[in-house]
Student: 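Below is the structure I would like to discuss, written out as structure tokens.
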Amino acid sequence: VTAFVLSTTGWQDDPDSLPLKYSFGYTSSATGRRTVLRAANEVANVSTTGMPLGDSSNNFALQVDARCMDIVGAYSSLSETIWVGPPGLADITNLVGNAVATIDVATVDASSVVDAASTLSSAASLLNYVFDSNDGSSSSSSSGGSGGDGDSGGGDGDSSSSSSSSSTAAAESLRESLVMMMSSIVGVVEDTEGVESSAATIETLTSSSPETLGEATQVTLLGQVSQLADTSCDIGELSETASASQISTMSNLVEQDIEVSNQSNVRADCNAEPGANSAADVISDHDSGAKCAPYATTVEDSDHGADPSA
């Protein structure tokens, strides 16, 4: 696994706007949006082996960025393109398992949410590569013609199919583990960056083959979305990035034959007891608690942020 070191220097701002803080992120190929790699602090570099895969349709290119912000939250950013390719399919489950083993969710607190969620998001991107690759293999296998003598292709096809099924099953099991870990992480989120990072990870977990997730897991994921929405309300800020991730996650799941009975007739119940037992319950609970302020206008503020000297 390649280790990446990101650093940024030369930023300047008015003395009254200091100290400056630096955040690092990337544009996820799974979601198309910025995902926080490291939360903002005064250290101007970050070292990580947790980069997600780049865009498979563009030679696995991945756009990374450094964001510099002042004490009022105004920021400017710079970006670069790196290339992050996949390991062999046979190695992915071991790599993901090792990454998961480095996180003890019992010790994750608000200050370490972004680091933990970023690691799980990168792991999820590898699992998605397994799902997408095996979907392609299954399509190729099923569309392959029979031999001239009427044979169907023999043992090689059977062996490939068996290997594909085995790797998919292992990836599914690991994805279930990641979902359960996110339940603990979502519970300690206290700031906007934590909401954005967690929401992006949940979206990545559902962006490939959501139809193979068990119903209980799907409802767990929707519950996590609802919990993050409540946290945003408590914070008093719901960013467009987090909102888009939450909507995308719900769309990924609801479109996959989840049992959302009479969804068009769901009515908000402000006195609903916690512990939803269906996707409709989760969505209803979320709607009934909507009390957030309008989206923050960070993009407009960015024009007045710190500027790099080069």
Side-chain angles (χ1 to χ4, degrees), residues 6 21-41 46 48 50-55 62-70 72-81 110-122 124-125 128 182 185-186 188-208 210 221-222 224-253 286 289-305:
L6 306 179
K21 291 186 176 183
Y22 308 91
S23 170
F24 295 88
Y26 58 87
T27 301
S28 170
S29 60
T31 69
R33 286 180 289 277
R34 183 180 192 264
T35 298
V36 181
L37 184 63
R38 195 205 63 192
N41 64 46
V46 61
T48 179
M51 286 293 187
L53 293 183
D55 184 356
L62 180 71
Q63 180 175 290
V64 297
D65 67 76
R67 180 175 289 186
C68 177
M69 62 190 70
D70 61 21
V72 299
Y75 67 86
S76 292
S77 61
L78 291 172
S79 62
E80 295 284 349
T81 299
S111 66
S112 56
V113 162
V114 171
D115 290 341
S118 177
T119 298
L120 295 185
S121 184
S122 297
S125 76
N128 288 346
M182 282 305 302
I185 293 171
V186 165
V188 297
V189 172
E190 294 181 357
D191 54 43
T192 301
E193 286 182 317
V195 171
E196 288 186 358
S197 183
S198 298
T201 300
I202 295 168
E203 181 184 5
T204 302
L205 284 165
T206 64
S207 63
S208 290
L221 286 161
L222 287 170
Q224 293 170 4
V225 170
S226 179
Q227 189 171 357
L228 288 174
D230 289 342
T231 300
S232 294
C233 292
D234 293 338
I235 295 169
E237 178 182 353
L238 177 61
S239 72
E240 292 189 42
T241 299
S243 179
S245 289
Q246 292 165 349
I247 291 171
S248 179
T249 297
M250 290 189 289
S251 176
N252 290 341
L253 295 175
H286 169 60
K291 55 181 181 295
C292 291
Y295 296 135
T297 54
T298 10
V299 175
E300 293 179 8
D301 291 338
S302 67
D303 292 337
H304 307 291

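Nothing here was measured: the structure is a model prediction, and the numbers come from that model.
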Student: Taking all non-hydrogen atoms of both residues, which atom of Ser239 and which atom of Thr192 are closest, and how far apart?
Tutor: CB-CG2, 4.3 Å

Student: Give, for atom OG of Ser198 and atom CD1 of Ile202, the distance between the pair rounded to the nearest 0.5 Å.
Tutor: 6.0 Å

Student: OG of Ser245 to CE of Met250: how many Å apart, nearest 0.5 Å?
Tutor: 11.0 Å

Student: I'd like to know if the side chain of Thr201 and the backbone of Ala117 have a donor-acceptor N/O pair within less than 3.5 Å.
Tutor: yes

Student: Mind checking whether Ser121 and Tyr26 have side chains closer than 4.5 Å, heavy atoms only?
Tutor: yes

Student: Pair Thr31, Ser207 - check side chain to side chain contact (heavy atoms under 4.5 Å, CB included), show working.
Tutor: CA-CA 8 Å; Thr31 69; Ser207 63; 5.8 Å; no

Student: How long is the gap from NZ on Lys21 to OG on Ser23, to the nearest 0.5 Å?
Tutor: 11.0 Å

Student: If I take atom CG from residue Leu205 and atom CG from residue Leu120, how far apart are they, to the nearest 0.5 angstrom?
Tutor: 7.5 Å

Student: Go through the structure and list residues passing side-chain hydrogen bond (donor to acceptor under 3.5 Å, both in side chains) with Tyr22, not counting sequence neighbours.
Tutor: none

Student: Going by salt bridge (Lys or Arg N to Asp or Glu O under 4.0 Å), name the pairs with one or both residues in residues 188-201, residues two or more places apart or in two chains.
Tutor: none

Student: Less than 4.5 Å apart, side chain to side chain, heavy atoms only: is that true for Leu37 and Val64?
Tutor: no

Student: Compare every heavy atom of Ser29 with every heavy atom of Asp55, then report the nearest pair and how far apart it is.
Tutor: CA-CB, 3.8 Å

Student: With salt bridge (Lys or Arg N to Asp or Glu O under 4.0 Å) as the rule and sequence neighbours excluded, what pairs involving residues 23-37 come up?
Tutor: Arg33-Glu203, Arg34-Asp65

Student: Do side-chain atoms of Thr204 reach the backbone of Ala200 as a donor and acceptor pair under 3.5 angstrom?
Tutor: yes

Student: Please list, chain by chain and in numerical order, all residues satisfying side-chain contact (heavy atoms from CB on, under 4.5 Å) with Ser111, sequence neighbours excluded.
Tutor: Asp109

Student: Do Leu253 and Thr249 touch side chain to side chain, with heavy atoms closer than 4.5 Å?
Tutor: yes

Student: Gln246 vs Val195, test: side chain to side chain contact (heavy atoms under 4.5 Å, CB included). Steps then yes/no.
Tutor: CA-CA 10 Å; Gln246 292 165 349; Val195 171; 4.2 Å; yes

Student: Can a donor-acceptor pair be found, under 3.5 Å and without considering hydrogens, that links the side chain of Ser112 to the backbone of Asp115?
Tutor: no

Student: Drop me the distance from Leu62's CG to Thr81's OG1, to the nearest 0.5 angstrom.
Tutor: 8.0 Å

Student: With sequence neighbours excluded, what pairs up with Arg38 under the salt bridge (Lys or Arg N to Asp or Glu O under 4.0 Å) test?
Tutor: none

Student: Where is the tightest heavy-atom contact between Leu6 and Met51, given as atom of each residue plus distance?
Tutor: CD1-CE, 3.7 Å

Student: Sequence neighbours left out, what passes salt bridge (Lys or Arg N to Asp or Glu O under 4.0 Å) with Arg67? Give chain and number order.
Tutor: none

Student: Has Ser232 got a side-chain atom pairing as donor or acceptor with Leu228's backbone, closer than 3.5 angstrom?
Tutor: yes

